[in-house]
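Comments concern the structure below.
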Amino acid sequence: MGDSFHEQLMEDSVFLRAEQRLDTELVDKLILQLNRIYPQILTDKEATRFRNLDVPTSVRLGELLTHLQGKGEEACREFYRALHLHVEEVYYSLPTRLRLRDASDPLMLSRTYKQKHNMNDRDPLFFLGCFSFALGVALLYYYSEAKVSGGSRALGMAALGLKRKAQEVLIWYTDEGFMK
């Protein structure tokens with residue numbers, strides 16, 4: 001990790017203030033964790049001020065982050081530790097964590113983008129064509145020669161544009177229809 005925790009917290013502050021998953025209860029848990037385990041980082045008086053419910057949660061969190069940045073490297077590190085302990089999903093979605101993860105595996109990012117594009121390399125007309133073909137085969141099966149006269153001739157004509165195996169099956173079906 002090239003960045004210090006203080007620099008990381010400065011970078012992550014914007015994300016944390018806007019994060020909707022950090023509700024009042026989770027912010028209180030973070031404040032209590034810092035206050036009880038590390039009273040030198042967050043005293044009782046400071047913890048009471050940051051837990052004031054009259055102030056919106058995003059404002060309290062912003063003030064807490066500013067206060068921790070002023071306390072130094074150790075306070076920032078302990079905030080990250082508390083965040084990891086109480087709100088793992090937010091911790092792993094921090095911009096600095098995402099950057100560190102992507103830096104450790106540079107091929108992962110390109111592999112993810114390639115996979116997204118490879119799964120969608122067909123245009124809508126391809127799927128429309130497949131659906132039309134399947135519908136045509138279903139209609140031919142449903143309206144077979146017993147219900148419509150000349151059905152076997154329609155199958156014989158349909159075999160003209162198909163591959164060899166499909167042609168043989170359709171021609172075999174029409175030949176068998178004439179033998180009845």
Taking all non-hydrogen atoms of both residues, which atom of [X] and which atom of [Y] are closest, and how far apart?
X: Q33; Y: A82; value: CG-CB, 3.5 Å
X: L83; Y: L16; value: CD2-CD2, 4.1 Å
X: R21; Y: L26; value: O-CD1, 3.1 Å
X: Y92; Y: L98; value: O-CD2, 3.6 Å
X: I41; Y: E46; value: O-OE1, 3.6 Å
X: S4; Y: E73; value: CB-OE1, 3.2 Å

Inset, instruction - Would you confirm whether Y80, through its side chain, and L9, through its main-chain N or O, come within 3.5 Å as a donor-acceptor pair? - result: yes

Should [X] and [Y] count as an ion pair when the cut-off is N to O under 4.0 Å?
X: E74; Y: R77; result: yes
X: E11; Y: R99; result: yes
X: R60; Y: D28; result: yes

From [atom1] ([X]) to [atom2] ([Y]), nearest 0.5 Å:
X: R17; Y: L64; atom1: CZ; atom2: CG; value: 10.0 Å
X: T66; Y: Q69; atom1: OG1; atom2: CD; value: 5.5 Å
X: L42; Y: L32; atom1: CG; atom2: CG; value: 9.0 Å
X: E78; Y: L30; atom1: CD; atom2: CG; value: 12.5 Å
X: L128; Y: F133; atom1: CG; atom2: CZ; value: 14.0 Å
X: K29; Y: L22; atom1: NZ; atom2: CG; value: 11.5 Å

Inset, instruction - Any chance you could lay out the side chain to side chain contact (heavy atoms under 4.5 Å, CB included) test for H84 and R97, step after step, and finish with the verdict? - result: CA-CA 11 Å; H84 184 249; R97 298 292 162 220; over 6 Å; no

Inset, instruction - Tell me whether Y38 is reachable from Y91 by hopping between hydrophobic residues (I, L, V, M, F, W, Y) whose side-chain heavy atoms are closer than 4.5 Å. - result: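 Shared cluster, yes.
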
Inset, instruction - Indicate, with yes or no, if L85 and I37 share a hydrophobic cluster defined by side-chain heavy-atom contacts under 4.5 Å among Ile, Leu, Val, Met, Phe, Trp and Tyr. - result: no

Legend entry - Within 6.0 angstrom of R36 CZ, more than 12 heavy atoms from elsewhere: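 Check fails, neighbour count at 12 or below.
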
Inset, instruction - Could you tell me whether R81 sits above the aromatic face of F5, with NZ or CZ closer than 6.0 angstrom to the six-membered ring centre and within 45 degrees of the axis? - result: no

Inset, instruction - Starting from the C-alpha separation in whole Å, work towards a yes-or-no answer on side chain to side chain contact (heavy atoms under 4.5 Å, CB included) for F15 and T96. - result: CA-CA 10 Å; F15 173 80; T96 54; over 6 Å; no

Legend entry - Heavy-atom side-chain contact between Q40 and K71 under 4.5 Å: no

